[in-house]
Amino acid sequence: MPVFIEDASLLPILRKVEEGIRLDREDGLALYRSPDLLAVGYMANRVRERLHGNVTYFNVNRHINPTNVCVASCRLCAFGKKARDPRAYTMSLEQVWETAAEGWSESVTEFHIVGGLHPELTLEWYCDMLRGLKERFPKVHLKALTMVEIAWLARRSRLTVEETIRRLIEAGVDSLPGGGAEIFSERVRRIICDHKISGEEWLEVARTAHRMGLRSNCTMLYGHIETDGDRVDHLLKLRQLQDETGGFVAFVPLAFHPANTALRALAPPTGFDDLRAVAVSRLLLDNIPHIKAYWVMMTPRVAQIAQRFGADDIDGTVVEERIYHDAGAKTAQAMRREELLELIRGAGREPVERDTLYRPVARSETTLTVMV
Ligand code: V47
């Protein structure tokens, strides 16, 4: 037995990993249940290095959340507010464009735009917002609106999902973020996000978007009331859709932050859970190119270690994060490019700045000096 494997039940999985054989549901469960995190991480790191060598990707991005008003009342969420809540806000179009411009420099390559399911904002409003951003920032990639928001806008506009996506693309959407997937298990969704579209609907919107040529990310929210089986099934559904469409660019495991949510009595996931989520996703999702350790939610320290447990990306500068910070995240709301570089180099990895679709970004000295 190799000296780094303490849990003999992982040996058949190690063999499959070495031979490039696809893992199955039972393997996924064994990986989640084994106490031997180092062995699980070792295997994930092997796959990660096979795919990406020593590179860790990051990007220079800005999050924009145009509204926190949301018709849904998901127990998992601390961000969404009812319109009458004094903490509710909705930006005007001008405010969205001003927010985008705050601290903007030539270095920013992506706006990540998500928000609540607003009862009144129309599809046309979103299209105007996107057109206005494209006009002002023609080089910035717009990664905007989750599958959940798209389904909501389609319903409100009485249009098909396909027609809604067509109009969003026409207005400037370049790709879709991966949020809102949560956990596909209907039993769990009934408790944590019963007002959201079903898991099958989330997958169907993703399928449609991919068919129409949009790439997207995908996520899994873990560390609440889901079982290991729910996690494995979620990952396998993503893998199955990816076999069909090839449209997912990156998977982002999202640790649940219970503070300020209706589920605040739950203990938050641990660092052990975070690293295992990264590693198991790298091993099961053999057809999704990138695994992102999102530093905002994992903390920069764990996201750094994750670069040796299967992740090849640490996300970006972010600038202004609200969803996790409303749920009690203690991390900073932004990170400078230099800090990201230091974190990545500290993990012994070679930083490569990428755009949203993982093309390397070449920088001249002048653009580097005017960072957010
Ligand atoms: O959709 C909401 C989750 C997501 C909480 O695509 C919560 O590149 C934890 O999707 N505790 C938003 N999680 C974040 C997201 C994301 C982040 C970074 C990169 C990308 C990408 C996507 O956060 C939501 C939901 O799944 N969320 N509330 C909470 N209390």
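The figures here come from the full heavy-atom set of this structure, side chains too, leaving out hydrogens, waters and symmetry mates. Every number for a ligand or one of its atoms is a count from 1 in the order of the listing.
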Axial cation check for Tyr32 ring with Arg276, 6.0 Å and 45° limits: no
Within 45° cone of Phe251 ring axis and under 6.0 Å: Arg239 NZ or CZ: no
salt_bridge(Asp243, Arg22) N-O dist < 4.0 Å: yes
Cationic N near anionic O, under 4.0 Å, Glu110 to Arg62: no
Backbone of Asp36 reached by a side-chain donor or acceptor of Glu6 within 3.5 Å: no
Give a table of atom pairs where an N or O of ligand 1 lies under 3.5 Å from a protein N or O.
residue: ligand 1; atom: 1 (O); partner: Gly180; partner atom: N; Å: 2.8
residue: ligand 1; atom: 6 (O); partner: Gly178; partner atom: N; Å: 2.8
residue: ligand 1; atom: 6 (O); partner: Asn217; partner atom: ND2; Å: 3.3
residue: ligand 1; atom: 8 (O); partner: Lys143; partner atom: NZ; Å: 2.7
residue: ligand 1; atom: 8 (O); partner: Asn217; partner atom: ND2; Å: 2.9
residue: ligand 1; atom: 8 (O); partner: Lys292; partner atom: NZ; Å: 2.7
residue: ligand 1; atom: 10 (O); partner: Gly179; partner atom: N; Å: 3.4
residue: ligand 1; atom: 11 (N); partner: His257; partner atom: N; Å: 2.8
residue: ligand 1; atom: 13 (N); partner: Tyr324; partner atom: OH; Å: 3.0
residue: ligand 1; atom: 26 (O); partner: Glu182; partner atom: OE1; Å: 2.6
residue: ligand 1; atom: 26 (O); partner: Glu182; partner atom: OE2; Å: 3.2
residue: ligand 1; atom: 30 (N); partner: Leu76; partner atom: O; Å: 2.8
residue: ligand 1; atom: 30 (N); partner: His257; partner atom: O; Å: 2.9

Partner residues of Arg190 under the salt bridge (Lys or Arg N to Asp or Glu O under 4.0 Å) criterion, sequence neighbours left out: none
